Amino acid sequence: MSIVTVQLGQCGNQIGREVFNTICSDARGAHGLCSKKENESYHDTCKERFFFEEESEVPVARAVLVDMEPKVIGQTLSMAARSGCWKYDGHSHFCQKQGSGNNWANGYSVHGPRHKEAIMNLVQKEAEKCDRLSGFFTIMSMAGGTGSGLGAFVTQCLRDAFPTSFILNHVIWPYGTGEVIVQNYNSVLTLSHLYQSSDALLVHENDVIHKICAQLMNIKQISFRDVNQVIAHQLGSVFQPTYAGEGGLLYSRNPLGDLMETLVPHPEFKMLGLRNIPQMPENSLAYSTFTWPGLIKHLRQMLIANAKMEEGIDWQVRPPRLGSSIPSGCSTNKPLHFNTSIANLVILRGKDVHSVDLGSFWDPSLYTSWLNPQDAFHAWKTPRAFNKYEKSASLVSNSQFLLKPLDNVVGKAWNMFASKAYIHQYTKYGIEEEDFLDSFTALEQVISSYTIL
Amino acid sequence: MAQSVVVQVGQCGNQVGCRFWDLALREHAAVNKKGIYDEALSSFFRNIDTRSGGDGPDIYKGKICSLKARALLIDMEEGVVNEILQGPLRDVFDSKQLITDVSGSGNNWAVGHKVYGCQYRDDIVEKLRKNAEHCDCLQCFFIIHSMGGGTGSGLGTFVLNLLEDEFPEVYRFVTSVYPSGEDDVITSPYNSVLAMKELNEHADCVLPIENESLFDIVNKIHQMINSGKLGSTVKQNSLVTSSAGSAKSVQEKPFDAMNNIVANLLLNLTSSARFEGSLNMDLNEISMNLVPFPRLHYLVSSLTPLYTLADVNVPSRRLKPSLHFVSWNQEGWKTGLCSVPPVGHSHSLLALANNTCVKPTFIELKDRFMKLYKKKAHLHHYLHVDGMEQSCFSEAMSSLSDLIEEYNELDATKGGPRTDPSRLKIAV
């Protein structure tokens, strides 16, 4: 089954290109460390998922590019074509001249309705090119105007037009300081709207990825390109083909459906965080070896202690002991900083995956009381190595990972809202104070739900 | 891509504007090696087919034939505009995009605004429409003028009004040059305050430039060049410090270096809209992010390299500890990254700040105004003009006072205890 990617705004388009790049070069790569047959099967599944095979030329990404100003799309299209390994469909993009001015209201209330037909036509065409459509993967940032505002509108349209397809929104959380001044307003409006139409929100935080680039990848002058490449690697580690169960003969057919089924049991809980280890500069790969037990141990502690990367993990944090007399559902007996999960998905790629012991992830104390581990934890595996890493482990987690960032953003936005600053810029385009209040309420509800896990 | 139209009014406006076009051409020439008319060029220039002689149709793609600035030149005396049209930039300007008169405004805001405004209204509207028709997506008007004189100040603000009426959706960015305390025009405080009222009400964003500051900067640069302390700090052949290699080969006039700085400011401001980068910043984003309340739209600008090269990081956090932000905008940073540096430099940094530091400038202006107004000095020159009344003065004064008061209120929140408003409570 195929996934149609919708790249929204500058961020969405820049990341989207890196994702297709990573996926394509991984699929073609000779570092699979597995049998030829295995490799071919992987390659074919990946192709069907993300690319449309034309007769003689390079594969064409199943993507729709949307932006309200032309520079980024132009750049994205030409850089893809120049790679020589893949490209975008020359017609599958929509852009305008003027941008959204970092204004969510402009993206949502003006550009959305104005360009709905044109954009949805493009999406429809891509969807029709798929033999079977698994669903939509949208990439956007929350801080700007197009990705956030128009992105929220487009997600709604996707939901209306394709009520039975899955929609996964990949959302970029901006740097805590200084990308866009009104980023907190834009974020609050985006998240509250996405929560209504999307199936799940997969989040990457710029601050976190920046740290990974600085501390793990040893990059000195970190550019957005570096950040986007790390994000692409992490996404690739989730979306490349895997086997869902033990002894599977075929690669899973429905990646988005499987993801939703395993990770989103309840519509109130849609925030997914992503961790991937190990991460290191490419030229160090040859000199490093990892063991599965070591990787699993780190990954589990990263989950429990809400660590953003494999360095600086707080090993003091332990899961609470069960069986105490305090009634379940009451979180006061949970130690501070312990990250409670609703559901977790671990994805393992590489050498000797069959031998990996994941028992530590079945521990019921990791999870909220209203789910048992059999339902809450899943593992996907493939012996085929990913992106030149001999062993690679990813964790997609529906847990309290994003509680603090969410609370921060809502807090700052509320603070600004109390002084009514910048509100005139939104009311100009039809987003009133009431709409803001609705969004705040919706998000406080989400925060509350995640807090009492 | 979106286009912008520059409206240069009065002597100062036209001189600065001229510098801007010169620099813009050089910048594009340095970047655009193949001579193709691309999106970047089209934001400020039209490409005209002149083979059939005179004003041919626009060419939207392909090779550059003849570039015309998207500009309207307005001056109520002919000297400055004539000089431009006889100079090396004469072919850059469309001969029909000019409005001139003979006698000037006599440093009188009322003459510029009421008399000439009325007289030339239809002409101005028609020429602006023509300019707008040549744009397939007009995003922004840049008005360049001074506040102290008669034409730039009076007619310039009249044009601002007009733009709001005729093109309400297009952003209005105004670069206003404020007179120094030692300005040789005695009535410059009157002109400035009368113009301020218009800026308060009709501009989206104002970039106030003080002649005094420009003068200081130019002096400092000359000192550094003369003292031999060159090296990495001041580049000899950069566009910022000198007009070497530019269209003017005559001896530099005193305002040239100062105008150069303002022109550079405008170039940098629009660079992200013209060229690509990893975090584009469009002109409408400037207004969105830096104007929290409609009237507080005065943006103080600073540009480097003038002295030292700052490290352009993602994002710029180094200044944070020393700046006092309002409590509801503690991380009030908007960042834009453009991949194309200015000619002769590897980096440059433009900072725009919405800062209460503009308050002293306005207070000084108000004081200078009051000194004259209390004695009713020179008032009769203004009141003679049809349509001008004493109330114009008092209204302008209160507009300025209100503005100062708004800034005062923000300053008052500084240093006080910070109590964040309590969040919404959700019933569990």
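Model, not experiment: these values are computed from the prediction. Quick note on labels: first sequence line is chain A, next is B, and so on, each numbered from 1.
With a 4.5 angstrom heavy-atom cutoff, A/Tyr426 touches chain B only via side-chain atoms. Looking at B/Leu290, the atoms closer than 4.5 Å to chain A (heavy atoms on both sides) sit in the backbone and in the side chain alike. Of the two parts of A/Gln10, only the side chain, counted from C-beta on, holds a non-hydrogen atom closer than 4.5 Å to a non-hydrogen atom of chain B. Using a 4.5 Å cut-off between heavy atoms, A/Ser449 does not touch chain B at all. Contacts between A/Gln14 and chain B at a heavy-atom distance below 4.5 Å involve the side chain alone, from C-beta outward.
A/Tyr175 and A/His210 form a side-chain donor-acceptor contact under 3.5 Å, judged by distance and modelled atom types alone.
The minimum heavy-atom distance between A/Val66 and A/Ile73, with the atom names listed, is C-CD1, 3.9 Å.
For the pair A/Ser78 (side chain) and A/Gly74 (backbone), a donor-acceptor distance under 3.5 Å is present. Checked by atom type and distance alone, the side chain of A/Tyr450 pairs as donor or acceptor with a backbone atom of A/Met271 at under 3.5 Å.
A salt bridge links B/Glu164 to B/Arg172: at least one charged side-chain nitrogen sits closer than 4.0 Å to a carboxylate oxygen. Ion pair A/Asp407/B/Arg423 flagged as a salt bridge, since at least one NZ, NE, NH1 or NH2 atom sits closer than 4.0 Å to an Asp/Glu carboxylate oxygen.
In terms of heavy-atom pairs under 4.5 angstrom with chain B, the leader among A/Arg225, A/Gln445, A/Lys428 is A/Gln445. Of all the listed residues (A/Ser419, A/Ser100, A/Ala143, A/Ala418), the one sharing the greatest number of non-hydrogen pairs under 4.5 Å with chain B is A/Ser419.
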